[in-house]
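What follows is one structure encoded as structure tokens, with my remarks underneath.
For ligands, and for the atoms within them, numbers begin at 1 and follow the listed sequence.
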Amino acid sequence: MPYARITGTGGYLPPRVVTNDDLAADLATRGVETSNDWIVERTGIRQRHIAAPGTKTSELATHAARAALENAGLQADDIDLIIVATSTPDFIFPSTACLVQANLGVGGAAAFDVQAVCSGFVYALATADAIVRAGRARHALIIGAEVFSSILDWSDRRTCVLFGDGAGAMVLSAADEPGILAARLNADGRQQHILCAAGNVSDGKVTGDPFLRMDGQAVFKLAVNSLVRSAHEVCDEAGINLSEIDWMVPHQANIRILNFISRKLGLPEEKLIVTLDLHANTSAASVPLAFDVAWRDGRMKPGQLALLQGVGGGFTWGSVLVRL
Ligand code: UT7
């Protein structure tokens, strides 16, 4: 059975940067009170990128996909599997993956979306790994992409300051040496209410509540406990000691969560890849965007070990251990 290795990465952020001060000033005009100090102290976020009105997730995803293909030295028609992780798809259907495929000007490869909210990219990566290792694809394009600003309630300061828009992508290719060493995916649907956007379209009308709602403290507790456990499980599966890990690429939700997890795992903070100060929480895009930054700036080097972790609505969480 072949193995699967990461052979290219890419990222894309919409050009408009909104600092905490910009956001606080805008929210004040709506009677919503927040401040740079609160946001930085409670989350570590300093700014986010917000897509222009009407921007589609597939547009961001296509930019990231092109960058990953170029980085891998591949053409779009070399790809035989496309998976997009998103909670803000362009349409009910077709999938965003099919729209990206069309934007890339190719046809024929399998293409589908994965819905696991902020764990989506880790779910997509584990799924692509299984398909490549089964010999059913040679080169997979995996994308996490979101226009999360489109589901935010700008009158709810507990959530609207936390998120941003963006896309990250990877190419996973069949290889003789293992790249993806182990993966653990988990969910607890009984906790769906603590983080959800519980709306839909029926009979041409929006039903339920289409905005993101979150019980921040409940999510915080579940996130740290499940990610610490998941890190141990994935390392046990691979026969790797936690101390061997060179880089942690966690879902970028809150610096306090990241620091708590690294402390619990005994990993120095220098091993954490942190982009949430600049990107905020981009849901399914956060892990591949953070990975792309550290891959391109030369911090990550071939042969090193990286632990990728996602956590979010569903409730879902997961870890993937990667030999770079
Ligand atoms: O991507 C999926 C994963 N998501 C996460 O992992 C998020 C996990 N949760 C968190 O990151 C944190 O719980 C939050 C950042 C969401 C909130 O931080 P917190 O320390 O749990 O704050 P809190 O909800 O306990 O709120 C503390 C205070 C409250 O005021 P009172 O009731 O003490 O008077 C809030 O009303 O902070 C207030 N507050 C704000 N103040 C200024 C909440 N949001 C804001 C805000 N600006 N934006």
| task | Can you see which heavy atom on Ala126 is nearest to which on Leu185, and at what distance? | result |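 Minimum heavy-atom contact is CB-CD1, 3.8 Å.
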| request: Please list, chain by chain and in numerical order, all residues satisfying side chain to side chain donor-acceptor pair (under 3.5 Å) with Asp80, sequence neighbours excluded. | output: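 If we apply the side chain to side chain donor-acceptor pair (under 3.5 Å) test to Asp80, skipping adjacent residues, there are no hits.
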| task | Report the residues that fulfil side chain to side chain donor-acceptor pair (under 3.5 Å) with Asp188, sequence neighbours left out, ordered by chain and then residue number. | result |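 Asp188: side chain to side chain donor-acceptor pair (under 3.5 Å) contacts with Arg190.
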| Would you call Arg213-Asp156 a salt bridge at under 4.0 Å N-O? |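 Salt bridge flag = yes for Asp156 with Arg213.
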| said: Whether Asp246 and Lys301 form a salt bridge (side-chain N of Lys/Arg under 4.0 Å from carboxylate O of Asp/Glu) is what I want to check. | reply: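 No.
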Please give the N or O to N or O pairs under 3.5 Å between ligand 1 and the protein, distances rounded to 0.1 Å.
| residue | atom | partner | partner atom | Å |
| --- | --- | --- | --- | --- |
| ligand 1 | 1 (O) | His251 | NE2 | 2.9 |
| ligand 1 | 1 (O) | Asn281 | ND2 | 2.7 |
| ligand 1 | 9 (N) | Gly216 | O | 3.0 |
| ligand 1 | 11 (O) | Asn254 | ND2 | 2.7 |
| ligand 1 | 13 (O) | Gly216 | O | 3.2 |
| ligand 1 | 18 (O) | Arg256 | NH2 | 3.4 |
| ligand 1 | 20 (O) | Arg42 | NE | 3.1 |
| ligand 1 | 20 (O) | Arg42 | NH2 | 2.6 |
| ligand 1 | 20 (O) | Arg256 | NH2 | 3.0 |
| ligand 1 | 25 (O) | Gln217 | NE2 | 2.5 |
| ligand 1 | 36 (O) | Arg157 | NH2 | 3.1 |
| ligand 1 | 37 (O) | Trp38 | NE1 | 3.1 |
| ligand 1 | 41 (N) | Trp38 | NE1 | 3.4 |
| ligand 1 | 47 (N) | Thr34 | OG1 | 2.7 |
| ligand 1 | 48 (N) | Thr34 | OG1 | 3.1 |
| ligand 1 | 48 (N) | Arg157 | O | 2.9 |

| message | I need the full list of ring-ring contact (aromatic ring centres under 6.0 Å, His included) pairs touching residues 52-88, with sequence neighbours left out, sorted by first then second residue. | response |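 Only Tyr12-His63 qualify under ring-ring contact (aromatic ring centres under 6.0 Å, His included).
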